[in-house]
Amino acid sequence: MPTMPHPIDHFIHGAVSAGSSPRRQDVYNPATGAVSGKVALANAADVGAAVAAAQAAFPAWADTPPIRRARVMFRFLELVNQHKDDLARLITAEHGKVFTDAQGEVSRGIDIIEFACGIPQLLKGDFTDQVSTGMDNWTLRQPLGVVAGITPFNFPVMVPMWMFPVAIAAGNCFVLKPSPIDPSPSLFMAELLRQAGLPDGVFNVVQGDKEAVDALLVHPDVKAISFVGSTPIANHIYETGARHGKRVQALGGAKNHMVVMPDADLEQAVDALIGSAYGSAGERCMAISVAVLVGDVAERIMPKLIERTKALKVLNGTNLAAEMGPIVTAAAHTRIAGYIEAGAKEGATLLVDGRGFQGSDAGEGCDQGFWMGGTLFDHVTTDMKIYREEIFGPVLSCVRVPDFANAVQIINDHEFGNGVSCFTRDGNVAREFARRIQVGMVGINVPIPVPMAWHGFGGWKKSLFGDMHAYGEEGVRFYTKQKSIMQRWPESIGKGAEFIMPTAK
């Protein structure tokens, strides 16, 4: 018997709250197309309640010694490790990505929690004694206050964890606005933080859509906004937030290229392209969506790519044999299909068309799901829509170029600069590629070069609006403000007024 959709609410001041807005949105299981929940959509009053709870909790939390904040993070880390498969199941149920991929997402989030546990060391300032006679100078980092995270559907656990563990460990209070497409993991994480001993109000969740986002952007008590999503929205978040006096880090879209040099190991390159293009149905900002095939490598690699794309195991994500699950929503499915049609009309060679995939082949009960197979284009040119724009789906476009210089040029000419990869055996090519490419995250024989927790994530050009990357030491700097203190004592102060700034004397 079908089950009734369950309510998915907010989490404010340590408790689940339905809020005051009557609006709700359906939450789907993408594999079956069935409605599994009804998520609340916050209004400005609901956002105000969450911010007020965070603001009230801030003074005591900011005054809590960093080592004690770290102990809460350690307990949270332990709980997340205990429940990582529960979180992964929630991801698969509402996003659709295969269970093993969801497990990997949770693991990468755990890395950030581990990093945040080191906050006492990360907050250490600098000290110089005797900068001038009888005078010392030191710096310290202090939390901003209430900060907010606006996160996308494609990583409902990992991307929030890029933000709130570092922000909270640094002494801030946090308001999370997750995607309404897959909102349940946010409440699960909130409950685990509560169990870890986090004081009420330090972490809050407001479910919602644009109305909630706009309320956060203009709220005077929100000091910083972190965002991950599409470039047009990232640009809007950055401009609006900055106009209202907030710090903003807004991570936008991508069009990630993978260069395959003639000397590359072709089997490894094929494995890399298939996994990075079709993993998570291509719905990730570090997916490889363009293969740049240099010289004669195209003729050698294309038959292998066609064979592997056709053989993709597209199944319900709960099936452990699955390599790719469904598209996240019906609207996304329609949008991706439109790009495939546009590519064919513009003259690209459509070698494998994923639009013909039948949901019944994905497993029992999947007939009404949002299914699509892998799509492969060859002879794509840089003026085509499928090359210029982010598709965010399981579509791989192959571009042929004569040499390394052309490969670098077309990548540097693209408006996005999130991630890029080069497969080669030549050390000099690898070095030149890493130095000359105008992209924020570079892989050499690594298809998805997402930095580890202590390095920080962020692209260049229209892939990032703001000055600081997510997590890592830049994340700590983003969520704190530096204070410089100069001090001397009466016994060292000479008589008479001083009309100049302190000098080293």
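The analysis underlying the following values was restricted to heavy atoms, covering all of them including side chains, and did not include hydrogens, waters or symmetry mates.
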K.L.:
Search all heavy atoms of Ile113 against all heavy atoms of Pro165 and return the closest pair with its distance.
P.N.:
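Taking every non-hydrogen atom into account, CG1-CG, 4.1 Å.
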K.L.:
Between CG of Leu251 and CG of Leu464, what distance do you get to the nearest 0.5 Å?
P.N.:
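If we round to the nearest 0.5 Å, Leu251:CG and Leu464:CG are 5.0 Å apart.
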K.L.:
In this structure, are over 12 heavy atoms from other groups packed under 6.0 Å from Lys246 atom NZ?
P.N.:
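Buried by this count: over 12 neighbours within 6.0 Å.
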K.L.:
Could you check whether Ser226 and Gln249, counting side-chain N and O atoms only, form a donor-acceptor pair closer than 3.5 Å?
P.N.:
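Side chains of Gln249 and Ser226: pair found under 3.5 Å.
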K.L.:
Taking C-beta and beyond as the side chain, do Ser186 and Phe11 meet within less than 4.5 Å on heavy atoms?
P.N.:
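SC-SC contact between Ser186 and Phe11 ruled out.
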K.L.:
Between Ile336 and Ile327, is there a side-chain heavy-atom distance shorter than 4.5 Å?
P.N.:
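Counting from C-beta outward, Ile327 and Ile336 do come under 4.5 Å.
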K.L.:
Decide side chain to side chain contact (heavy atoms under 4.5 Å, CB included) for Ile168 and Trp61; before the verdict, give the C-alpha distance in whole Å, the side-chain angles of both, and the deciding distance to 0.1 Å.
P.N.:
CA-CA 9 Å; Ile168 289 173; Trp61 184 243; 3.6 Å; yes
K.L.:
Is there a donor-acceptor pair under 3.5 Å between the side chain of Asn418 and the backbone N or O of Val439?
P.N.:
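Not at all, since once roles are kept as given, no pair shorter than 3.5 Å links the two residues.
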K.L.:
Do Met441 and Val450 touch side chain to side chain, with heavy atoms closer than 4.5 Å?
P.N.:
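SC-SC contact between Met441 and Val450 ruled out.
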K.L.:
I'd like to check the side chain to side chain donor-acceptor pair (under 3.5 Å) partners of Ser421; sequence neighbours left out, ordered by chain and number.
P.N.:
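So Ser421 forms no side chain to side chain donor-acceptor pair (under 3.5 Å) with any residue.
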K.L.:
Does the side chain of Lys483 come under 3.5 Å of the side chain of Gln142 through a donor N or O and an acceptor N or O?
P.N.:
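Judged by distance alone, the side chains do pair up.
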K.L.:
Any sub-3.5 Å donor-acceptor pair from Asn256's side-chain atoms to Gly419's backbone N or O?
P.N.:
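Yes; at least one donor-acceptor contact below 3.5 Å.
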K.L.:
Does either side chain, that of Ser20 or that of Asn43, offer a donor lying less than 3.5 Å from an acceptor on the other one?
P.N.:
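Yes, because at least one side-chain N or O of Ser20 sits under 3.5 Å from a partner of the opposite role on Asn43.
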K.L.:
At what distance, to the nearest 0.5 angstrom, does CG of Leu315 lie from SG of Cys366?
P.N.:
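Spacing of CG (Leu315) from SG (Cys366) equals 8.5 Å.
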K.L.:
List for me each residue that meets salt bridge (Lys or Arg N to Asp or Glu O under 4.0 Å) alongside Asp214, sequence neighbours excluded, and say none if there are none.
P.N.:
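Result, salt bridge (Lys or Arg N to Asp or Glu O under 4.0 Å) vs Asp214: Lys210.
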K.L.:
Could you tell me whether Glu415 and Arg388 have a side-chain N and a carboxylate O separated by less than 4.0 Å?
P.N.:
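Looking at Glu415 and Arg388, the cut-off is not met.
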K.L.:
For the pair Ile391 and Lys255, evaluate side chain to side chain contact (heavy atoms under 4.5 Å, CB included) and give the outcome as yes or no after the intermediate values.
P.N.:
CA-CA 8 Å; Ile391 299 174; Lys255 196 71 178 179; 3.8 Å; yes
K.L.:
Only pairs at least two apart or in different chains count here, so list each salt bridge (Lys or Arg N to Asp or Glu O under 4.0 Å) that has a residue in residues 105-122.
P.N.:
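Of all non-adjacent pairs touching residues 105-122, those that pass salt bridge (Lys or Arg N to Asp or Glu O under 4.0 Å) are Lys97-Glu105, Arg108-Asp111.
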K.L.:
Is the CG atom of Asp467 crowded by more than 12 outside heavy atoms at less than 6.0 Å?
P.N.:
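No, CG of Asp467 has 12 or fewer neighbouring heavy atoms, counting only those of other groups under 6.0 Å.
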K.L.:
Is there a donor-acceptor contact under 3.5 Å from the side chain of Arg247 to the main chain of Phe478?
P.N.:
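Yes; at least one donor-acceptor contact below 3.5 Å.
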K.L.:
Does anything in residues 168-203 pair up under ring pair (Phe, Tyr, Trp, His ring centres under 6.0 Å), and if so which pairs, sequence neighbours excluded?
P.N.:
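Listed once each, the pairs are His83-Phe188, Phe164-Phe203.
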K.L.:
Assess whether side-chain hydrogen bond (donor to acceptor under 3.5 Å, both in side chains) is satisfied between Tyr278 and Glu323, documenting all intermediate values.
P.N.:
CA-CA 8 Å; Tyr278 303 124; Glu323 295 174 332; over 6 Å; no
K.L.:
Restricting to ring-ring contact (aromatic ring centres under 6.0 Å, His included), what partner residues turn up for Phe74, sequence neighbours left out?
P.N.:
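Partners of Phe74 under the ring-ring contact (aromatic ring centres under 6.0 Å, His included) test: none.
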K.L.:
Taking atom types as modelled, find out whether Glu390 and Ser230 have a side-chain donor-acceptor pair closer than 3.5 angstrom.
P.N.:
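Ser230 and Glu390 do not have a side-chain donor-acceptor pair below 3.5 Å.
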K.L.:
Could you give me the CA-CA distance, side-chain angles and deciding distance for Glu283 and His95, then say whether side chain to side chain contact (heavy atoms under 4.5 Å, CB included) is met?
P.N.:
CA-CA 10 Å; Glu283 294 172 325; His95 174 278; 3.8 Å; yes
K.L.:
I'd like to know if the side chain of Thr231 and the backbone of Gly253 have a donor-acceptor N/O pair within less than 3.5 Å.
P.N.:
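It does hold such a pair.
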K.L.:
Does some side-chain heavy atom of Val159 sit less than 4.5 Å from a side-chain heavy atom of Pro152?
P.N.:
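SC-SC contact between Pro152 and Val159 confirmed.
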K.L.:
Above 12 or not: heavy atoms from other molecules or residues under 6.0 Å from CD of Glu473?
P.N.:
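Incorrect, the count does not exceed 12.
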K.L.:
Under a 3.5 Å distance rule, please check whether Ser179 uses its side chain to pair with a backbone N or O of Ile181 as donor and acceptor.
P.N.:
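Such a contact is found between Ser179 side chain and Ile181 backbone.
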K.L.:
Answer yes or no: is there a donor N or O on one side and an acceptor on the other, between the side chain of Asn137 and the main chain of Thr128, under 3.5 Å?
P.N.:
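No, because the side chain of Asn137 does not come within donor-acceptor range (under 3.5 Å) of the backbone of Thr128.
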K.L.:
Side-chain contact test, heavy atoms from C-beta onward, threshold under 4.5 Å: evaluate it for Met189 versus Pro160 and give yes or no.
P.N.:
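Yes; the side chains approach each other to less than 4.5 Å.
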K.L.:
By the ring pair (Phe, Tyr, Trp, His ring centres under 6.0 Å) test, which pairs, at least two apart or in different chains, include something from residues 110-146?
P.N.:
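Applying ring pair (Phe, Tyr, Trp, His ring centres under 6.0 Å) to every pair that reaches into residues 110-146, excluding sequence neighbours, yields Phe127-Trp138.
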K.L.:
Ignoring hydrogens and angles, tell me if any N or O in the side chain of His333 forms a donor-acceptor pair with the backbone of Thr329 under 3.5 Å.
P.N.:
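Side chain of His333 to backbone of Thr329, a donor-acceptor pair under 3.5 Å: no, none is there.
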K.L.:
Under 4.0 Å between a Lys/Arg side-chain N and an Asp/Glu carboxylate O for Glu191 and Arg194?
P.N.:
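Yes, this pair counts.
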K.L.:
Among residues two or more places apart or on two chains, list those pairs meeting ring pair (Phe, Tyr, Trp, His ring centres under 6.0 Å) that have a residue in residues 450-470.
P.N.:
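Matches after skipping sequence neighbours: Trp162-Phe457.
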K.L.:
So, for Ala93 and Pro30, which heavy atoms are closest and what is the spacing to 0.1 Å?
P.N.:
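Taking every non-hydrogen atom into account, O-CD, 3.6 Å.
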K.L.:
Output yes when a side-chain donor or acceptor of Lys84 lies under 3.5 Å from a complementary backbone atom of Gln103, and no otherwise.
P.N.:
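The answer is no, because no donor-acceptor pair under 3.5 Å joins these two groups.
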K.L.:
Check whether Gln25 reaches the backbone of Ala40 with its side chain - one donor and one acceptor, N or O, closer than 3.5 Å.
P.N.:
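No: the side chain of Gln25 does not pair with the backbone of Ala40.
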K.L.:
Is there a side-chain contact between His257 and Ile288 (heavy atoms, below 4.5 Å)?
P.N.:
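A side-chain contact is absent here, since even the closest heavy-atom pair is not under 4.5 Å.
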K.L.:
Check whether any side-chain heavy atom of Val228 lies under 4.5 Å from a side-chain heavy atom of Thr151, and answer yes or no.
P.N.:
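No, too far: nothing below the 4.5 Å cut-off.
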K.L.:
Any non-hydrogen side-chain atom of Met135 less than 4.5 Å from a side-chain atom of Thr133?
P.N.:
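They are not in contact (no side-chain heavy atoms under 4.5 Å apart), so the answer is no.
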K.L.:
Quick one: salt bridge (Lys or Arg N to Asp or Glu O under 4.0 Å) pairs with a partner in residues 176-185, sequence neighbours left out?
P.N.:
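Salt bridge (Lys or Arg N to Asp or Glu O under 4.0 Å) check on residues 176-185 returns no pairs.
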K.L.:
For Arg69, which residues count as a salt bridge (Lys or Arg N to Asp or Glu O under 4.0 Å) partner, sequence neighbours excluded?
P.N.:
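Partners of Arg69 under the salt bridge (Lys or Arg N to Asp or Glu O under 4.0 Å) test: none.
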K.L.:
What is the distance from atom CD1 of Ile112 to atom CG of Leu77, rounded to the nearest 0.5 Å?
P.N.:
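If we round to the nearest 0.5 Å, Ile112:CD1 and Leu77:CG are 12.0 Å apart.
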K.L.:
Could you pull out all residues at least two apart from Phe433 that satisfy ring-ring contact (aromatic ring centres under 6.0 Å, His included)?
P.N.:
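Applying ring-ring contact (aromatic ring centres under 6.0 Å, His included) to Phe433 gives none.
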K.L.:
List in chain and number order the residues that pass ring-ring contact (aromatic ring centres under 6.0 Å, His included) with Phe392, two or more places apart in sequence or in another chain; answer none if no residue qualifies.
P.N.:
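Testing Phe392 for ring-ring contact (aromatic ring centres under 6.0 Å, His included), a comparison that skips the adjacent residues, returns Phe153.
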K.L.:
Suppose the criterion is salt bridge (Lys or Arg N to Asp or Glu O under 4.0 Å): which pairs have a residue in residues 124-153, not counting sequence neighbours?
P.N.:
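Every pair satisfying salt bridge (Lys or Arg N to Asp or Glu O under 4.0 Å) with a residue in residues 124-153: there are none.
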K.L.:
Applying salt bridge (charged side-chain N to carboxylate O under 4.0 Å, His left out) to Asp9 and Arg24, what does each step give before you reach the verdict?
P.N.:
CA-CA 9 Å; Asp9 295 322; Arg24 294 259 169 183; 2.6 Å; yes
K.L.:
Could you tell me which non-hydrogen atom of Ala224 sits nearest to which non-hydrogen atom of Leu144, and how far apart they are?
P.N.:
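Scanning both residues, the minimum pair turns out to be CB-CD1, 3.7 Å.
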K.L.:
Kindly give the heavy-atom pair with the smallest separation between Met163 and Gly149, and that separation in Å.
P.N.:
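Nearest pair, atom of Met163 first, then Gly149: SD-CA, 3.7 Å.
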K.L.:
Within the distance-only criterion (no hydrogens, no angle test), does the side chain of His6 pair as donor or acceptor with the backbone N or O of Ser36 below 3.5 angstrom?
P.N.:
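Yes: the side chain of His6 pairs with the backbone of Ser36.
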